[in-house]
Asks: 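Here you go, one structure.
Owing to the predicted nature of the structure, the values given are computational and were not obtained by experimental measurement. Labels below follow one simple rule: chain letters A, B, ... track the order of the sequence lines, proteins then strands, and each chain is numbered from 1.
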Amino acid sequence: MSAPAEHYTAFTRLLHWLMAAMILAMLFIGVGMVASISSAHEVLIAVHRPLGIAILLLVLIRLANRLAHRAPPLPSDLPLWQRLMAKASQVLLYALMLAMPLIGWSMLSAGNYPIVMFGAVHLPAIAPASPALYAFLRQAHTYLAFVLFAVFLLHLAGALFHGLIRRDGVLASMVHGPGRKEDKH
Amino acid sequence: MSDHLNAPLDPSTHSPNVAPPQKDPQTPERQNRPKPGQIAALSLIGLILAAIAASFAYVAGWLTPQRLTASRFVDALQLNNGGIYEGYRRAHAKGVCFVGHFESNGQGVALSSASVFAAGNTPVIGRFATGAGNPHTPDGDVPVRSMALSYQLADGQVWRSGMNSVPFQIIGTPEAFYEFGVANRRDPSTGKPDLAKQQTFAATHPELKRFSEAMAHWPITNSFANSTFNGVNTFRFIDAQGTSHNVRWIMKPQAPVVALDKQALDRLSADFLSIDLHQRLQQGPLRFDLMVTEAQPGDPINDSSRPWPDDRPTTHVGTLVVERDIAQADGPCRDINFNPLILPKGIEPSDDPILAARGSVYSESFNRRLREEAAAHIPPAAAGGRP
Ligand code: HEM
Ligand code: HEM
Ligand code: HEM
C-alpha cells in the first residue's frame, strides 16, 4: 500500500470542525442555562436559539456535501465491528444534528413561545400549540441531547484511538489535507 | 480490545503530524504486544473523555447539589405549597384567563422603540390570579393578587409581563428569597412554621420589616378590577436613539377603588374574585392605565425590594382594555409561560437578580405543569394560545 491515504476535502473538514465546536458549545450552553438562575440563563438562551438554527442550516449544507462526495475509505484492516460502529455513529450524529434544532424550534412553537433570533427577528411557529406536543418535545430535547453527548464521546474516543493508538491516518484524514506528510523531516 | 492494540500499524497511512500521546519520537519497532506507549495513550484517551464528561456534569449542576438551580427552586416552592397540584402553576396557581387589547397613546415612544408603544392597538392574552401555590386557597386568604399579560405584537414579537398587587418585592435576591421559603416552611410534625427559624431570618433581613410595614397600609381591594398591579422589577427601555432608560411600571385601574371588607369575608365565596370579574365584564370592558416611571440617578436598579421615591417622572403610555374572561381550565392563558424576560426589541432586562431568576424558575414550573397536563391527556386550550 504505497498510495497516499485519502483525506476529507477542505470544505468537509471546515464544516466538521466548525460544527463540532458549535455543537459542543450548544450542549454545554444548554445544560448550563437550564440549571442557572442568574442572568447567565437569559444571555445563554439568547445565544442558544440562533446558534442552534445556524447548526440546522449548516447540517443541510453538510448533508448535501456528504452525499456529493464519497468519504475516504477506512483502513482495510479495521475489524468489521469497528467499521459498523464508525458508520452507525456517523449516521446517528447526522440524525441528531438535524433533529436537535428542529425539536428546539418546534417545542418552542408548541409551547406558545416566540422564537426569537435577535432583536426583532424571529421565526414562525412550525408546530401547533399543544401541551402534549410541548411536553414530549421538551423532554426529547433533553434526552436526545444526552444521547448526542454520549455519541460524541464515543466518536471522540474512536478518533483518538485511531490517532494515538492505531496511528492509521483516520484522524489525519479529518485534521488536515493530503500532502502534509512531508511537512516535517 | 487487545485485538486492535495488536493491530499492525500501517506505515503508509501513518501521519507523524498527529501528536503522539507522549514525547517519545523514537518509538522502537512495532511489536505484536501492547507497548507502554499504547497503554499510556489509552489512559490518556480515558482521561480526556472523563474530563469532558465531568465538565458537562459540573456545568449541568449535577456535581453541586447545594447550588440553587431552577429545578431546586421549584422543588422548594412545591414543598412550601404542601404538595404538588398537578397541571397548576407552582405559584399564583389559582387564576382566570382574559383577552383584550392594549391601546397605546404613543407617549411611550420617547422611552422605548418597542412597536407596542407606537399609537395603536395590540391584542393581549392575560391572566388574573392570586399568589398562593395551592389552587384551592380561598381568594380572601391571599393578600397578593396578580395580572399577567402577553402582548401579541403585529410583527409576531411577544411581550410577556407578570405584575403583583404589592408594590415591591419582599426580598431582593433569589437566594435570600429561597432561604425565606425554607424559614417559612411548615414543620410536618406541628403543621406550623418554626418560629425560631423565622425570627433568625427576620433578624438578618431588615428588608422584611420594610415590606410588612408597607403591607400594613397597602389597600386590599374587593376586586381584580380595582387592584393596582406593579411590575416590581426594573427594566431598561431603549429608545430610537439607543439611549437606555431604567423604568418600572404599574397597571393602574380606572375602576374606583373599594377596600375589601375583611369582616364580610366569611359571607363571600372562596372564588369571589373570579365571580366578581365575570359580573363586571358582563357590564362592559375594564380599563387599566399603564404608567411607566423612570429612575433618577442613584435609584436602586437591581434591588426590587427597594421602592423608588414617589416623585419620579411617570408617563401614561396607554390603556389595557380587558374584554372577556375565560376559565383557566381551558382558557388561552393556561399554556402560556408569562416569563417576564420574553421581551420585544426595545425592552431589555435590568441586572436585577430576582428578574433573572424568574426567567429560569418560571420555565421549570411551566415544563412541569405541561408534562402533567400531557400525562392527563389534557387537549390544547379551546381558545388556543396564539390569536
Ligand atoms: C444542535 C442543536 C441543539 C443542541 C445540541 C441543544 C442542546 C440543548 C440542551 C443540552 C439543553 C438543556 C436541556 C435540559 O437540560 O433540559 C437545551 C435546552 C433548550 N434548548 Fe436547545 N439545543 C439545540 C438547538 C436548539 C434550538 C434550535 C432551539 C430553539 C430555537 C433550542 C431551544 C432550547 C430551549 C428553549 C431550551 C430550554 C431552556 C429552558 O428550559 O430554560 N435548542 N438545548
Ligand atoms: C459534536 C462534535 C462532532 C460531530 C457532530 C462530529 C461528526 C462527524 C461526522 C458526521 C463525521 C463523518 C464525516 C462527515 O460527514 O463530516 C465525522 C468524522 C470524523 N470526526 Fe467528527 N464530529 C465531532 C467531533 C469530533 C472530534 C472532537 C474529533 C477528534 C478529536 C473528531 C474526529 C473525526 C474524525 C477523525 C473523522 C473521520 C472518521 C472517518 O473517516 O471515519 N470529530 N465526524
Ligand atoms: C425569586 C423570586 C420569584 C420566584 C421564585 C417566583 C416564582 C413563580 C413561579 C414558579 C410562578 C409560576 C410560573 C408558571 O408556572 O407559569 C410565578 C408566577 C407569577 N409570579 Fe413569580 N416569582 C418570583 C418573583 C416574582 C415577582 C418579583 C413578581 C412581581 C411582579 C412575580 C409575579 C408573578 C406573577 C404575576 C405570576 C403569575 C403569572 C401567571 O399568571 O401565569 N413573581 N412566580
Side-chain angles (χ1 to χ4, degrees), chain A residues 1-5 27-28 31-42 45 75 77-79 82 111-114 116 119-120 122 124-125 128-136 138-139 149 153 156-157 160-161 163-173 175-176 180-181 183-185, chain B residues 3-5 7-10 12-18 20-21 38 41-42 44-45 48-49 52-53 55-56 59-61 67-71 73 155-158 174 335-337 341-342 344-345 349 351 353 356-357 359-361 366-367 370-371 373-375 377-378 380-381 384-386:
Chain A
M1 236 183 104
S2 51
L27 288 166
F28 277 85
V31 294
M33 72 191 183
V34 167
S36 168
I37 62 160
S38 76
S39 57
H41 179 262
E42 209 43 39
I45 214 166
D77 63 338
L78 201 65
Q82 286 189 21
N112 270 316
Y113 284 101
V116 181
H122 55 272
S130 150
L133 191 59
Y134 175 78
F136 171 75
R138 181 64 186 81
Q139 287 176 91
F149 186 64
L153 284 181
L156 176 63
L160 293 177
F161 176 68
L164 301 182
I165 293 173
R166 282 184 53 99
R167 306 197 191 171
D168 56 7
V170 169
L171 180 54
S173 73
V175 172
H176 57 73
R180 273 251 317 257
K181 289 181 135 196
D183 285 357
K184 283 187 183 167
H185 310 296
Chain B
D3 216 33
H4 329 293
L5 293 181
L9 299 175
D10 180 346
S12 71
T13 54
H14 173 116
S15 164
N17 286 328
V18 178
Q38 291 187 333
L42 259 187
L44 181 70
I45 294 174
I48 293 174
L49 296 188
I52 296 177
S55 336
F56 192 71
V59 170
R67 197 173 107 199
L68 186 52
T69 61
S71 171
F73 217 129
D155 67 354
Q157 291 191 82
V158 176
D335 298 336
I336 288 187
N337 176 358
L341 295 179
I342 296 177
K345 184 173 193 296
D351 56 0
S360 58
V361 175
F366 180 77
N367 290 348
L370 264 71
R371 216 178 298 147
E373 283 183 24
H377 304 292
I378 306 275
R386 230 175 267 121

Asks: Quick check on Leu27(A) against chain B: is it the side chain, the backbone, both or neither that has a heavy atom closer than 4.5 Å?
Replies: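 Leu27(A) touches chain B through backbone and side-chain heavy atoms alike.
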Asks: Can you tell me which portion of Phe149(A) sits under 4.5 Å from chain B's heavy atoms? Options are side chain, backbone, both or neither.
Replies: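 Contact with chain B involves the side chain of Phe149(A) alone.
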Asks: Just verifying a value: how many Å separate Asn367(B) CG and Gln139(A) CD, rounded to the nearest 0.5 Å?
Replies: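 Reported to 0.5 Å precision, the distance equals 8.5 Å.
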Asks: Heavy-atom pairs under 4.5 Å with chain A - which of Gly156(B), Ala70(B), Gly61(B), Pro174(B) has more of them than the others?
Replies: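 Looking at each of Gly156(B), Ala70(B), Gly61(B), Pro174(B) in turn, Gly156(B) comes out on top.
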Asks: CZ of Arg138(A) to CG of Leu133(A): how many Å apart, nearest 0.5 Å?
Replies: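 The distance works out to 13.5 Å.
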Asks: Would you mind checking which part of Leu68(B) comes under 4.5 Å of any heavy atom in chain A, side chain (CB onward), backbone (N, CA, C, O), both or neither?
Replies: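 Backbone plus side chain of Leu68(B), per the 4.5 Å heavy-atom cut-off to chain A.
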Asks: How long is the straight-line distance from CG of Leu44(B) back to CD1 of Ile165(A), given to the nearest 0.5 Å?
Replies: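 Ile165(A) atom CD1 to Leu44(B) atom CG measures 9.0 Å (nearest 0.5 Å).
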Asks: Specify which of Ile378(B), Leu49(B), Val158(B), Ile342(B) makes the most heavy-atom pairs with chain A at under 4.5 Å.
Replies: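 Highest number of heavy-atom pairs under 4.5 Å: Leu49(B).
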Asks: Residues in side chain to side chain contact (heavy atoms under 4.5 Å, CB included) with Ser39(A), at least two apart?
Replies: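 Partners of Ser39(A) under the side chain to side chain contact (heavy atoms under 4.5 Å, CB included) test: Ala356(B).
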Asks: At a 4.5 Å cut-off on heavy atoms, which part of Pro344(B) comes close to chain A: side chain, backbone, both, or neither?
Replies: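 Contact with chain A involves no heavy atom of Pro344(B) at all.
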Asks: Please classify the contact between Val34(A) and chain B as side chain, backbone, both or neither, with a heavy-atom cut-off of under 4.5 Å.
Replies: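 It is the backbone, since no side chain atom gets that close.
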Asks: Could you grab the distance from atom CD1 of Ile48(B) to atom CG of Leu156(A), nearest 0.5 Å is fine?
Replies: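 Result: 6.5 Å between the selected atoms.
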Asks: Output the distance between atom CG (Leu370(B)) and atom OG (Ser130(A)), rounded to the nearest 0.5 Å.
Replies: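 So the CG of Leu370(B) and the OG of Ser130(A) are separated by 8.5 Å.
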Asks: With a 4.5 angstrom heavy-atom cut-off, could you sort out which part of Ala53(B) is near chain A: side chain, backbone, both or neither?
Replies: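 Both parts, backbone and side chain.
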Asks: With respect to chain B, which residue among Ser38(A), Ala157(A), Pro124(A) yields the maximal number of heavy-atom pairs within a distance under 4.5 Å?
Replies: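 Winner by heavy-atom pair count: Ala157(A).
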Asks: Do any N or O atoms from the side chain of Ser36(A) and from the backbone of Met33(A) form a donor-acceptor pair under 3.5 angstrom?
Replies: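 Checked: no pair found.
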Asks: Picking from Ala375(B), Ser360(B), Pro349(B), which has the most non-hydrogen pairs under 4.5 angstrom with chain A?
Replies: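 Top option by heavy-atom pairs under 4.5 Å: Ser360(B).
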Asks: Against chain A, work out which of Gln157(B), His377(B), Arg67(B), Glu373(B) has the most heavy-atom pairs shorter than 4.5 Å and name it.
Replies: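 Answer, by heavy-atom pair count under 4.5 Å with chain A: Gln157(B).
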Asks: Is the ring pair Tyr134(A)/Tyr113(A) parallel, tilted or perpendicular, if the boundaries are 30 and 60 degrees?
Replies: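 It falls in the tilted class, 30° to 60°.
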